[in-house]
Amino acid sequence: MHKQLVNQCTIHLSLIPKGPILIKSGRQGSDPTKADMEFVETYQNGEKTVYLPGSSLKGAIRAHAERIVRTVGGDRQTSNGIWANDSTTRDRYANRHVNSFTGDTAYKTSSFTEQMFGNTSLASRIRIEDAYSSVSPILEERNGVAIDRVLGSAASSALFNYQVCTSGKFETRIHIRNFSLAQLGLLGLVLRDLNDGWFAIGFGKSRGLGNVSVEYHSAIVQYPGCELLKGEERKDDKISPLGTSNVGPWWYRELLGAGEFLGDPDAANSSNSYRFPYPDKQVTPVGATSGRFGFGVQMEWISQVQVESLFETCVKGWKQVLQPVGGKR
C-alpha cells in the first residue's frame with residue numbers, strides 16, 4: 001500500500017509547555033558547568049537551540065494510542081482488527097512478523113496500532129517532524145535528590161541537577177498517508193488527551209514534568225489521484241478519480257478514507273486486499289478545492305476550531321470500527 005498514495009493529511013500544530021519539560025540528551029558532556037541532565041540540542045538558523053525530537057513525540061503518541069485501543073478492546077488481535085498488542089508478551093506474536101510477511105499479509109496480521117505506527121514487517125504510515133520553538137525558549141536548571149528505594153532515604157551521591165524548558169512554542173507537523181478515518185480519529189483522541197494532561201512527554205513525568213498544551217494551526221487532507229469536477233453550482237462539485245476507476249465520484253464535502261478509493265474488499269476482483277474499511281466517508285463543512293498547480297484535490301482546515309471539527313468528524317469513523325460484529329466483540 002506504500003507503493004501508491006490515495007490520501008494524505010498534514011497537521012500543523014504547536015506544543016506549548018504548561019510547566020517544565022525535559023527531553024534528555026543521550027550523553028553527558030564534559031563541561032562541569034552544565035547540568036547532569038541536559039536538554040537535547042541542535043542548530044537552527046546557525047544558532048544552538050533545544051528542540052523536541054520527532055521520535056520522542058511519536059513514542060509518546062504511540063504509547064497512548066495503544067493505551068486507548070487496549071482500554072476498549074484488550075491486547076489481542078481479533079477479526080475486526082482493533083486491538084493493540086501487549087508489549088510485555090511480544091514473543092507470543094513474533095511468529096506473525098517474520099520477514100516473509102509483506103504487503104497486505106503483513107498489514108492484515110498486524111494490530112490496529114501497528115497498522116498506523118508500523119512494526120518490523122510493516123512501515124509506519126505516520127511521520128512526525130522535529131519540533132522547533134518559534135520563540136526563544138526559556139531554560140532553567142533544577143536540583144533533585146535520588147532516593148534509595150530500599151531505605152527510603154537519600155542515596156549515596158544523591159544530588160543531581162537537570163535542565164528544563166519552562167517556556168516556548170514548539171512547532172511541528174504530523175503526516176499520515178493512506179489513512180482510514182478511524183486512524184485519523186484515533187490520532188485526534190491522542191492529541192486531545194495530550195492537551196488535557198492525561199499523559200506527558202519526556203523525563204520526569206511522575207515529578208510533574210512534561211505537560212504541554214496543543215495549539216492547532218491547520219490541517220490539509222489531499223487526494224493526489226483525483227480531480228475536482230465543477231458543477232453548475234458549488235453544491236454540485238464532485239471529487240473524481242483521475243483515469244478509469246470503479247469508485248467515486250464523491251460529493252465535494254465528503255472526507256474520504258483510503259478504503260473509498262479501493263472499493264469493497266468482499267467484491268469480486270477487489271483491489272482492497274488490505275481490507276481497509278468500506279464505505280469510509282463522512283460529510284464535513286469544509287469543501288474540496290483543486291490542488292496546487294491544478295493537480296489533485298485538497299481540503300483545508302485553517303483554525304483551532306476547524307481542526308478540532310476535523311477530528312470530531314473522524315472519530316465517527318473510529319466509533320464505527322468499535323461497533324460489535326454480529327453482536328459480539
Side-chain angles (χ1 to χ4, degrees), residues 10-67 117 126-147 154-155 157-175 187-219 303-304 307-308 311:
T10 298
I11 304 160
H12 181 199
L13 56 88
S14 290
L15 301 176
I16 304 171
K18 293 181 180 178
I21 62 174
L22 168 59
I23 308 293
K24 291 196 301 182
S25 174
R27 59 183 180 181
Q28 183 176 351
S30 58
D31 189 346
T33 63
K34 290 190 174 183
D36 297 324
M37 299 180 188
E38 298 179 46
F39 212 110
V40 288
E41 294 182 327
T42 189
Y43 283 92
Q44 183 185 23
N45 300 325
E47 297 183 359
K48 184 172 286 189
T49 184
V50 298
Y51 73 108
L52 307 181
S55 57
S56 298
L57 298 176
K58 186 176 180 181
I61 287 173
R62 176 172 185 160
H64 192 70
E66 292 179 342
R67 191 176 298 117
F117 296 96
I126 292 179
R127 179 171 62 90
I128 303 178
E129 299 180 8
D130 292 341
Y132 298 97
S133 185
S134 56
V135 297
S136 297
I138 297 177
L139 302 177
E140 297 179 3
E141 189 172 305
R142 297 195 172 189
N143 298 316
V145 179
I147 301 299
S157 303
L159 294 178
F160 64 94
N161 52 7
Y162 52 94
Q163 185 183 51
V164 296
C165 176
T166 57
S167 180
K169 190 174 183 178
F170 295 88
E171 291 190 24
T172 185
R173 285 177 171 83
I174 300 177
H175 307 271
L187 179 60
L189 292 175
V190 173
L191 295 175
R192 179 204 64 181
D193 289 352
L194 177 61
N195 182 71
D196 291 344
W198 289 107
F199 72 102
I201 60 174
F203 167 79
K205 292 181 281 291
S206 62
R207 300 169 180 257
L209 276 66
N211 291 308
V212 297
S213 59
V214 181
E215 179 182 294
Y216 299 113
H217 302 296
S218 66
S303 68
Q304 174 88 13
V307 176
E308 289 179 348
F311 287 137

State which residues pass ring-ring contact (aromatic ring centres under 6.0 Å, His included) with His217; sequence neighbours excluded, sorted by chain then number.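 Here the qualifying residues are His12.
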Suppose we screen for side chain to side chain donor-acceptor pair (under 3.5 Å). Which residues come up paired with [X], at least two apart in sequence or across chains?
X: Asp193; result: His64
X: Arg192; result: none
X: Asp196; result: none
X: Gln44; result: none

Answer yes or no: is there a side-chain heavy-atom contact under 4.5 Å between Val164 and Phe203?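 Of all side-chain heavy-atom pairs linking Phe203 with Val164, none is under 4.5 Å.
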Give the table of side-chain donor-acceptor pairs shorter than 3.5 Å for residues 48-58, with sequence neighbours excluded, one pair per line with atom names and distance.
{"from": "Lys58", "atom 1": "NZ", "to": "Ser124", "atom 2": "OG", "distance (Å)": "2.9"}
{"from": "Lys58", "atom 1": "NZ", "to": "Ile126", "atom 2": "O", "distance (Å)": "3.1"}

Taking salt bridge (Lys or Arg N to Asp or Glu O under 4.0 Å) as the test, write out the residues that go with [X], two or more places apart.
X: Arg173; answer: none
X: Glu129; answer: none
X: Lys18; answer: none

So, taking the atom named CG in Leu191 and the one named CD1 in Ile11, what distance separates them when rounded to the nearest 0.5 Å?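 The CD1 atom of Ile11 is 6.5 Å from CG of Leu191, to the nearest 0.5 Å.
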Under 3.5 Å, side chain of Ser133 to main-chain N/O of Lys169, donor-acceptor pair present?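 Confirmed, Ser133 side chain pairs with Lys169 backbone.
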What residues form a side chain to side chain contact (heavy atoms under 4.5 Å, CB included) with Ala65, not counting sequence neighbours?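 In terms of side chain to side chain contact (heavy atoms under 4.5 Å, CB included), with neighbours along the sequence ignored, Ala65 is linked to Thr113, Phe117, Leu186, Val190.
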Show the nearest heavy-atom pair for residues Gly210 and Ala200, with the distance to one decimal.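 Scanning both residues, the minimum pair turns out to be O-CB, 3.3 Å.
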